[in-house]
Protein chains: 2
Amino acid sequence: MADEKPYHHGDLRAALLAAAEADIAEHGIEAFSLRQVARRAGVSHAAPAHHFGDAAGLLTALAAEGYRQFLAAQLARVRVAGDGPADRIVASGLGYIDFAMARPALFRLMFGSARPDHCEAELNRAAGDAYRHLVDIVTSGGGRTMADEAAVWAMAHGLADLLSAGRLTPIAALEPAARDAVLATILRRIVPEKP
Amino acid sequence: MADEKPYHHGDLRAALLAAAEADIAEHGIEAFSLRQVARRAGVSHAAPAHHFGDAAGLLTALAAEGYRQFLAAQLARVRVAGDGPADRIVASGLGYIDFAMARPALFRLMFGSARPDHCEAELNRAAGDAYRHLVDIVTSGGGRTMADEAAVWAMAHGLADLLSAGRLTPIAALEPAARDAVLATILRRIVPEKP
DNA sequence: TCTCTATCTTGACGGTGTCAGGATGTATGA
DNA sequence: TCATACATCCTGACACCGTCAAGATAGAGA
């Protein structure tokens, strides 16, 4: 009790991040408003500045958290996939697409927006971790060249971006199991040939 | 002469479109400002409203023009490509990527922004023309299934999006001829097999 | 020449991000 | 215990933004 309106929020930082993601999920990144997010979290319009500096700081922190969950989505798929190197590449691609379809606004913030500061240390590290996972998966799957890596990344990213943007509707309309099957077939096409 | 500051601009509509593209190319779509564009074109802050209604109207018209040039970039590559069906698919993909790398801000406006009204008639038609070209190229290249179409589109789009965003730097750093060779190799991997 | 209309300007309104300075709790240390 | 220091949050102000209404200007047609 006694929590009707405590002066100190408790965990305002986390609340603001959650409010920001809800806001961009509802209205899109273009309509993002720091004051709107503050209202949603029930604090004054200048409260976010103390935790994030400015609007770019909040979106940067949100994108960094996004990259961590993005990597987790890929690892979750890999964990339940077969042991073959091709299976792991396909599974990782499906995780890539899972995340993009489940959190389209966050995905666009990470890959299609200039508002986060992509040079900031925490965001850079989170994005680097995800990239290193990609390289590991591809090289352990027999990939040798720069083209192998680019092909796998671009295929997963292209499917994820188009699907999360509401294109490729015939595939997006499939039920999950059938959709996974089609996407796995496509992803398997560009798995580097075993030597 | 007598053009020091004519009250009537002459072709303000075209001037505003050019100013808008220059603006988003310099500062990104997120920093787009209608007043800034008006200043760049040398007119008052409310002048754009007469031609485009509001900011979304201007960006919608700009995106529609972008789709026309996007299709033209693909056709230009196809025109100088070999006659084989696979050659035409690869050429179209290279044109897709050409456009994204040459006009990254415009590409993002078209594919990664919710500010244009993607339901508006002119934009919808221009985007539909580009999509129909894709389907034509794929089906004439032996594609039969929904997966064939999605695979070609996603591969070209993934490469284009990543390259235009400054990722895949090892490929972006190559000189044009070498880059084309690498990209063509990647694109050829997903060309549907001849029956 | 006179009027009509498209074009552009001016001025105002509410909303936004950011900054400075003040208010309010919480923790520290005598 | 209590006073001081600090982190946290609020209030108020400023310039900028998009949009609307109303007025000024120029060219076109009668």
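Chain naming here is simple, since letters A, B, ... match the order of the sequence lines and numbering starts at 1 in each. If you're wondering where the values come from, they're calculated on a predicted model, not measured in any experiment. Heavy atoms only: backbone and side chains are in, while hydrogens, waters and symmetry mates are out.
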Query raised in the report: A:D11 CG to C:dT26 P: how many Å, rounded?
Result: 15 Å
Query raised in the report: So, does the side chain of B:R35 form a donor-acceptor pair with the base of D:dG18 at under 3.5 Å?
Result: yes
Report summary line: note: A:D23, atom CG; C:dT16, atom C1'; distance rounded to Å ~ 13 Å
Query raised in the report: Could you give the CG-to-P distance, from B:L16 to C:dC8, as a whole number of Å?
Result: 8 Å
Report summary line: Here the distance between atom C1' of C:dT16 and atom CG of A:D54, to the nearest Å, is 14 Å
Query raised in the report: Can you find a side chain N or O atom of B:S44 that sits less than 4.0 Å from OP1 or OP2 on C:dC8?
Result: no
Requested in this report: Would you classify A:A55 as touching base, sugar-phosphate or nothing, given that sugar-phosphate means primed atoms plus P, OP1 and OP2, and contacts are heavy atoms under 4.0 Å?
Outcome: sugar-phosphate
Query raised in the report: Do A:H45 side-chain and D:dG12 base share a donor-acceptor contact under 3.5 Å?
Result: yes
Query - Nucleotide C:dT5, atom C1' - distance to NE2 of B:H51 in whole Å - result: 14 Å
Query raised in the report: Can you tell me how far C1' of D:dC17 sits from CZ of B:F32, to the nearest Å?
Result: 11 Å
Query raised in the report: Nearest-Å distance, CZ (A:R115) to P (C:dG17)?
Result: 7 Å
Query raised in the report: For B:A46, which contact category applies under a 4.0 Å heavy-atom criterion: base, sugar-phosphate, or nothing?
Result: base
